[in-house]
Amino acid sequence: MAADPVSALAAQLGPEVVLERPSESEHGDYATNAALRLAGVRRMAPRELAAELAAAAEALPHVARAEIAGPGFVNLFLEDGWFVEALGTILADGDAYGGGSAQPAQRIQVEMVSANPTGPITVASARNGAYGDSVARLLEHAGHDVEREYYYNDSGAQMDRFRASVEAARRGDEPPADGYQGAYIAELAQVRGDPVPAMRKQIEDSLERFRVHFDSWANQSEIEHGVSELLPRIDTYEADGTLWARTTEHGDDKDRPLIRSSDGSYLYYAADIAYVHDKFTRGFDKAIYVLGADHHGYVARLKAAAAMLGYDPARVEVLLYQLVHLTKGGESTKMSKRRGDVVFLDEFIDEVGLDAARWYLVNRGPDQTMEIDVDLAAEKSQKNPVYYVQYAHARIAGILRNVEGARDDVSQATALEPLERELIKRLAEFPGVVADAAAKRGPQAIPAYAIRVADDFHRFYHEHRVLESDQQEFRLALCRATQTVIAKALDLVGVAAPHRM
RNA sequence: GCGCCGGUAGCUCAGGGGACAGAGCGGCGGACUUCUAAUCCGCGGGUCGGAGGUUCGAAUCCUCCCCGGCGCACCA
């Protein structure tokens with residue numbers, strides 16, 4: 001596990017001690033409410049317990065003093081030596097800094113996007129990709145072995161309608177009822193042959209461009225082959241000439257039909273069961289599904305599928321994100337691929353830029369419904385904080401460019417400036433922020449943190465010179481550490497860290 | 001009706017038991033002979049949807065209510 005200077009300090013005070021950065025500088029560099037939390041269990045007065053903690057803290061190296069405040073907070077004031085050491089560990093960890101929080105490391109599959117190949121990737125699916133991919137990146141950084149998979153629903157009625165729609169366009173006819181329309185159908189009609197492979201190619205290219213890289217692609221048509229051998233293993237019954245899975249035995253709110261009564265064909269839940277089985281057979285410890293909020297009913301039935309097959313349902317994890325609504329000049333428009341009434345990912349990227357698009361779609365928490373005004377998106381993207389963060393990275397790159405080959409050396413620090421201490425404290429937060437974001441599946445914490453880092457750096461940069469200062473070697477080290485952290489933070493949300501802007 | 005997710009500054013949203021609630025955008029006013037001004041500094045702006053409850057302490061947890069989004073198919 002990579003180093004975390006703050007946790008290391010906290011651990012010296014006890015296993016239950018967690019350090020936080022107080023919002024007020026009078027409250028020290030770090031503070032803990034451990035005395036308040038533990039007072040009840042220990043049957044001690046909070047301030048008495050706080051006094052013990054404070055005494056223990058003052059005995060530690062680099063702790064200048066510890067103060068008891070309010071009902072029982074302990075505020076720590078640290079010497080420069082602590083900051084210098086913290087910076088040293090950050091630099092020593094390099095790209096691995098903040099990683100390795102996984103315990104234990106697992107093989108995890110993140111299945112995401114999985115939109116029907118009946119049209120290009122829309123902004124709605126892009127949110128799935130931006131969110132899912134960032135979670136995957138966080139899990140990787142935490143030390144898990146992660147694979148990303150896309151599941152194609154390639155055997156349903158939607159596909160027939162899609163092919164029929166292209167056929168109709170080739171004949172110059174109107175699309176069939178419930179068919180698809182839009183410019184992309186007309187384009188596909190220009191080329192001979194099955195439009196599905198062409199559509200899939202386009203989807204895969206769009207996602208690759210969006211920096212969502214898939215390791216594997218699953219097809220429902222192939223997964224379905226596994227259904228028949230699984231049927232005996234699960235709890236089923238016949239009613240009304242239909243075969244049902246007794247999912248209510250495993251927490252679902254109603255049983256699910258498996259095989260259609262009229263023609264004997266498999267219904268989607270049959271494929272879902274086979275797919276869950278397929279995932280675990282391939283050796284994943286955990287199967288993460290990234291689904292839009294309109295699929296929240298899936299949670300119970302996917303877990304039920306795992307349970308019926310004899311797997312621990314906790315190994316199925318469903319990440320839901322709220323939907324994307326499009327507005328145009330304030331008026332809402334419904335997204336529908338069939339009507340061609342959508343904004344495609346590629347258009348969105350063209351309009352707002354790749355980095356701004358990724359940032360935008362992950363910046364908001366998954367539980368928050370997202371409204372995108374098509375008319376304002378491009379204009380607003382100019383003010384996207386992503387550029388503020390990237391600029392900090394580019395500024396540092398500029399400094400380092402000017403002194404290529406020059407030494408940086410943390411130990412050359414003399415008295416640290418307040419802004420230097422603030423910046424180091426910010427960098428020291430990174431392991432905690434990243435571990436928390438990974439555990440909570442909440443990548444939106446990363447952009448928020450990155451802004452804070454950029455904030456602290458820009459302030460430092462404005463106030464103090466790096467080159468030709470008597471602190472040059474130390475400040476170069478500080479710059480390099482900041483650059484590493486910003487680059488990693490941006491990478492975790494799929495955004496580039498440019499060296500020039 | 002039942003279930004899931006929201007309701008925090010003019011707007012878009014962070015925060016999700018701790019010390020006076022944060023940011024961006026928008027508004028107003030300042031700062032470049034300097035390693036990138038895509039920057040920095042200052043000012044203004046809040047019944048954290050409402051009501052109860054738990055707690056030393058609630059925007060945060062519990063209950064009820066109001067408003068909005070999304071579900072509740074032999075479609076996927």
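Naming convention: chains lettered A, B, ... in sequence-line order (proteins, then strands); numbering from 1 in each chain.
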> Roughly how far apart, to the nearest Å, are B:G22 and B:C64 at atom P?
32 Å

> Expressed in whole Å, how much space separates the P atoms belonging to B:A9 and B:C4?
26 Å

> Strictly below 4.0 Å: does A:Arg395 bring a side-chain N or O up to OP1 or OP2 of B:A37?
yes

> Taking atom P in both B:U12 and B:G30, compute the distance separating them and give it to the nearest angstrom.
30 Å

> Think A:Arg260 has a side-chain N or O under 4.0 angstrom from the OP1 or OP2 of B:C75?
yes

> Tell me whether the side-chain N or O atoms of A:Ser261 pair up with the base of B:C74 as donor and acceptor below 3.5 Å, since no angle test is needed here.
yes

> Can you check whether A:Tyr275 has a side-chain N or O nearer than 4.0 Å to OP1 or OP2 of B:A76?
no

> Within the structure, does a side-chain N or O atom of A:Arg459 lie under 4.0 Å from either OP1 or OP2 of B:U39?
no

> Indicate, yes or no, whether a donor-acceptor pair under 3.5 Å links the base of B:C74 to the side chain of A:Thr242.
yes

> In whole Å, measure the gap between the C1' atoms of B:A23 and B:G45 for me.
14 Å

> Say you pick atom C1' in B:A58 and the same atom in B:C35; how far apart are they, in whole Å?
47 Å

> Is A:Phe73 stacked on the base of B:A19, with ring centres under 5.5 Å apart and planes under 30° apart?
yes

> Could you check whether A:His27 and the base of B:A19 form a stacked pair, meaning centres closer than 5.5 Å and planes differing by less than 30°?
yes

> Report yes or no: is there a donor-acceptor pair, N or O only, under 3.5 Å between the side chain of A:Tyr387 and the base of B:A38?
no

> Taking the six-membered ring for Trp, are A:Phe457 and A:His393 closer than 6.0 Å centroid to centroid?
no

> Look at the side chain of A:His296 against the base of B:G3 and say whether a donor-acceptor pair falls under 3.5 Å; ignore hydrogens and angles.
yes

> Can you find a side chain N or O atom of A:Lys383 that sits less than 4.0 Å from OP1 or OP2 on B:A38?
no

> Using OP1 and OP2 only, check whether a side-chain N or O of A:Gln472 sits under 4.0 Å from B:C35.
no

> Establish, with yes or no, whether the OP1 or OP2 oxygen of B:A14 is under 4.0 angstrom from a side-chain nitrogen or oxygen of A:Gln368.
yes

